[in-house]
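Worksheet: the structure to be examined is printed underneath.
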Amino acid sequence: VSAGARVLRLAMVGGGEGAYIGGTHRIAARFGNHFHLVAGAFDVDPTRGRRFAEAMRIAPERAYDDAEALVAGEAARDDRADVVAICTPNHTHYPIARTLLEGGFDVICEKPLTTSLEDALALERLAERTNRFVGVAYVYSAYPMIHEARARVAAGQIGTVRLVQAEYQHQWMARPLEGSAQAAWRMDPARSGRGGAIADIGTHAYHLATFVTGLTVEALFAEAWPIVPGRVLDDAAHVLLRFHGGARGLLWCSQVSPGCANGLRLRVFGSEGGLDWFQERPDELVLSTLDGGTTILRRGAAGLSDASLARGTTPPGHPEGYLEAFANLYAGFAEVLRARAEDREPNAIGRDVPTVTDGVKGVAFVEAVVDGAAAPSPTWITPVRS
Ligand SMILES: NC(=O)c1ccc[n+]([C@@H]2O[C@H](COP(=O)([O-])OP(=O)(O)OC[C@H]3O[C@@H](n4cnc5c(N)ncnc54)[C@H](O)[C@@H]3O)[C@@H](O)[C@H]2O)c1
């Protein structure tokens with residue numbers, strides 16, 4: 001049966017007992033009945049991973065010890081997984097994704113794509129060579145009103161973009177967090193990579209800013225530093241952005257901002273108007289024009305763009321949030337996979353989904369920020385890819 005005609009088979013690496021984001025992937029995959037979970041290597045500890053697989057009602061022979069075993073086991077099956085989601089700490093993304101691509105599997109990978117630009121570029125080349133799809137979980141760009149913002153900018157509704165303000169604030173790392181599984185690897189350069197907050201959440205804000213505006217970065221000027229004593233990786237960063245074409249921006253992120261549980265906000269100001277989107281009210285996009293006052297655009301309303309209306313899982317007025325955005329992301333990946341299997345163009349939800357190219361740009365951004373912040377004297381850095 002071609003991938004186009006059926007529910008797709010999902011496998012997962014990571015996301016086991018007590019893990020954070022794997023559960024969200026599983027919910028998102030099920031939301032629109034696009035995927036069902038058939039296999040996994042869920043844990044760095046194989047025994048715990050098998051126990052978890054049993055709880056997930058995975059057939060015992062499809063509970064694998066690691067990514068290599070998963071490739072070997074699944075490749076031999078007629079009903080092999082169509083795609084494998086990687087929900088492990090950052091430093092493992094590259095070796096696992098490489099194993100999966102070389103084994104002939106499409107991949108959905110968590111961000112940041114890798115912990116070095118060299119690895120990210122190698123994955124991009126490998127995806128090209130093997131003709132496999134790599135989706136990257138830049139979930140915030142799957143919100144309907146983010147697509148609306150992008151469409152409005154592209155249509156010239158705010159004129160020429162002049163200023164971009166992107167921020168992503170957490171509070172959960174404001175105190176020392178010994179004992180937290182999630183915090184332990186995020187604070188460890190060997191597992192997080194060279195970036196702390198900038199790789200964990202700054203990269204989301206960066207993707208959102210460039211996705212909505214369509215702009216690319218010519219140079220950036222960064223400070224990124226650890227605030228809580230004992231940390232070696234940044235838990236906050238401030239980044240000035242100069243875009244090609246003349247627009248300027250400011251991106252700041254921190255994991256130590258009390259009161260900001262998941263404060264992701266994007267504002268874009270053009271010559272004729274401005275757009276404001278805040279994750280805590282994700283169904284709304286505020287559009288202000290110099291001559292027309294302020295309008296609150298709401299998800300699902302008549303007159304919104306096709307890209308926006310294609311996303312969303314419930315009728316307008318029911319509040320949607322993070323899980324639905326993740327479901328949109330997965331619906332987009334499903335559409336890409338089906339379109340590839342049927343050799344056709346994807347429909348609206350499968351267009352503009354984040355791929356390996358976005359993953360490379362994200363890693364290039366993190367490297368440029370870390371290089372700039374570490375430079376002996378303040379300096380502008382040009383990201384290798386933007
Ligand atoms: N897109 C988003 O919004 C978002 C949100 C949170 C986390 N993330 C990303 O998701 C990834 C995981 O983050 P988390 O907070 O869920 O981490 P976590 O520590 O909660 O979970 C990691 C899981 O991976 C497993 N694991 C580790 N190494 C493995 C290996 N080699 N093989 C198989 N399993 C392995 C662990 O046993 C655990 O189950 C990170 O890259 C993070 O940046 C993305």
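The closest side-chain heavy-atom distance from Leu123 to Leu113 is below 4.5 Å. Side-chain contact between Thr114 and Asn90 is absent, with no heavy-atom pair separated by less than 4.5 Å. Side-chain contact between Gln182 and Leu177 is absent, with no heavy atoms from C-beta onward closer than 4.5 Å. Under the 4.5 Å side-chain criterion, counting only non-hydrogen atoms from C-beta, Ile21 is in contact with Glu110. Here the side chains of Val84 and Leu70 are in contact, with some heavy-atom distance below 4.5 Å. At least one side-chain heavy atom of Val239 sits less than 4.5 Å from a side-chain heavy atom of Ile198. Within the 4.5 Å cutoff, no side-chain heavy atoms of His36 are placed close to those of Arg26.
For the salt bridge (charged side-chain N to carboxylate O under 4.0 Å, His left out) condition, the pairs that include at least one residue of residues 327-337, sequence neighbours left out, are Glu335-Arg344.
Side chains of Thr313 and Glu320: a donor on one and an acceptor on the other come within 3.5 Å. For His147 and Arg311, the side-chain atoms include at least one donor-acceptor pair closer than 3.5 Å. Under the 3.5 Å distance criterion, with hydrogens and angles disregarded, no donor-acceptor pair is assigned to the side chains of Thr314 and Glu324. Side-chain polar atoms of His91 and Thr115 form no donor-acceptor pair below 3.5 angstrom. No side-chain N or O of Gln279 forms a donor-acceptor pair with one of Tyr322 less than 3.5 Å apart. Between the side chains of Gln169 and Ser254, at least one donor N or O sits under 3.5 Å from an acceptor N or O.
Residues Val360 and Leu241 do not share a hydrophobic cluster, defined by chaining ILVMFWY side chains whose heavy atoms lie under 4.5 Å apart. In the hydrophobic clustering of this structure, Val136 groups with Ile96; members are Ile, Leu, Val, Met, Phe, Trp, Tyr whose side-chain heavy atoms approach within less than 4.5 Å, directly or through other members. Residues Val83 and Met56 are members of one and the same hydrophobic cluster, defined by side-chain heavy-atom contacts under 4.5 angstrom among Ile, Leu, Val, Met, Phe, Trp and Tyr.
Note that Arg242 lies in the cation-pi zone of Trp380, set by a 6.0 Å cut-off to the ring centre and a 45° limit from the axis. Judged by a 6.0 Å distance limit and a 45° cone about the ring axis, Arg80 is positioned over the six-membered ring of Phe105.
Between Thr357 atom OG1 and Glu128 atom CD the span is 8.5 Å, to the nearest 0.5 Å. Distance check, rounded to the nearest 0.5 Å: CG of Asp276 to CG of Leu287 gives 10.5 Å. With rounding to the nearest 0.5 angstrom, the OH atom of Tyr94 is 8.0 Å from the OG atom of Ser116.
Here the closest heavy-atom approach between residue Val232 and residue Pro226 is recorded as O-CG, 4.0 Å. For Asp358 against Pro354, the heavy-atom pair with the smallest separation is OD2-CA, 3.3 Å. Listed here is the closest heavy atom pair of Phe221 and Pro378: CZ-CB, 3.2 Å. Scanning all heavy atoms of the two residues, the minimum distance from Leu275 to Ile158 falls at CG-CG2, 4.1 Å. Between Glu68 and Thr99, the shortest heavy-atom distance links the atoms OE2-OG1, 3.6 Å. In this structure, Val71 and Gly103 approach most closely via the heavy-atom pair CG1-CA, 3.7 Å.
Tested against Asp106 for a salt bridge (charged side-chain N to carboxylate O under 4.0 Å, His left out), the candidates Arg9, Arg338, Arg132 yield a single pass: Arg132. Here the rule is ring-ring contact (aromatic ring centres under 6.0 Å, His included) with Tyr206, and of Trp252, Phe211, Tyr138, Phe365 only Phe365 fits it.
Thr210 places no side-chain N or O within 3.5 Å of a backbone atom of Leu215 that could act as its donor or acceptor partner. In terms of modelled atom types and a separation under 3.5 Å, the side chain of Asp235 and the main chain of Val228 share a donor-acceptor contact. Looking only at distances, no side-chain donor or acceptor of His93 sits under 3.5 Å from a matching main-chain atom of Cys109. Under the 3.5 Å distance criterion, the side-chain polar atoms of Asp234 are matched with a main-chain donor or acceptor of Gly196. Side-chain atoms of Ser288 do not come within 3.5 Å of backbone N or O of Thr294 as any donor-acceptor pair. Of the possible donor and acceptor atoms, none in the side chain of Asp283 sits under 3.5 Å from a partner among the backbone N and O of Arg298. Side chain of Gln171 to backbone of Gly259: a donor-acceptor contact under 3.5 angstrom is found. Without hydrogens or angle criteria, Ser257 side chain to Cys260 main chain gives no donor-acceptor distance under 3.5 Å. When atom types are taken as modelled, the side chain of Ser386 and the backbone of Pro383 share no donor-acceptor pair closer than 3.5 angstrom. Using modelled atom types, no side-chain atom of Ser305 and backbone atom of Ala151 make a donor-acceptor pair closer than 3.5 Å.
Residue-environment remark: CD (Glu345) stays at or below the threshold of 12 foreign heavy atoms within 6.0 Å. When the shell of 6.0 Å around CG of Asp306 is examined, it contains 12 or fewer heavy atoms from other residues, nucleotides or ligands. A 6.0 Å sphere centred on CD of Glu102 holds more than 12 heavy atoms belonging to other residues, nucleotides or ligands. More than 12 heavy atoms of other residues, nucleotides or ligands sit less than 6.0 Å from atom CD of Glu284. More than 12 heavy atoms of other residues, nucleotides or ligands shown are found within 6.0 angstrom of CD on Glu17. Counting heavy atoms of neighbouring residues, nucleotides and ligands inside a 6.0 Å radius, atom CZ of Arg281 does not exceed 12 of them.
Checked for salt-bridge contact, Asp79 and Arg62 meet the test: a charged N lies under 4.0 Å from a carboxylate O. Taking 4.0 Å as the cut-off between side-chain N and carboxylate O, Glu124 and Arg129 do not count as a salt-bridged pair. Ion pairing between a basic and an acidic side chain is recognised when a charged N comes within 4.0 Å of a carboxylate O; Arg6 and Asp82 show such pairing.
Residues that satisfy the salt bridge (Lys or Arg N to Asp or Glu O under 4.0 Å) test with Asp43, not counting sequence neighbours, are Arg48. Scored by the salt bridge (Lys or Arg N to Asp or Glu O under 4.0 Å) test, Lys111 finds Asp200 as partners (sequence neighbours excluded).
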Between Gln165 and Arg267, is a side chain to side chain donor-acceptor pair (under 3.5 Å) present by the stated rule, with each step listed?
CA-CA 5 Å; Gln165 294 274 322; Arg267 284 180 289 173; 4.8 Å; no
Side chain to side chain donor-acceptor pair (under 3.5 Å) for Glu148 and Tyr143? Distances and angles first, verdict last.
CA-CA 9 Å; Glu148 188 60 29; Tyr143 276 109; over 6 Å; no
Would you check, one step at a time, whether the test side-chain contact (heavy atoms from CB on, under 4.5 Å) holds for Leu264 with Phe278?
CA-CA 6 Å; Leu264 174 63; Phe278 183 42; over 6 Å; no
Set out, in order, the CA-CA distance, both residues' side-chain angles and the distance that settles ring-ring contact (aromatic ring centres under 6.0 Å, His included) for Phe333 and Phe35, then state yes or no.
CA-CA 10 Å; Phe333 292 149; Phe35 297 91; 8.2 Å; no
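Residues Phe31 and Phe326 place their aromatic rings such that the two centres sit no closer than 6.0 Å. In this structure, His25 has its ring center closer than 6.0 angstrom to the ring center of Tyr330.
Ring pair Tyr168/His170 is perpendicular by interplanar angle, where above 60° counts as perpendicular and below 30° as parallel.
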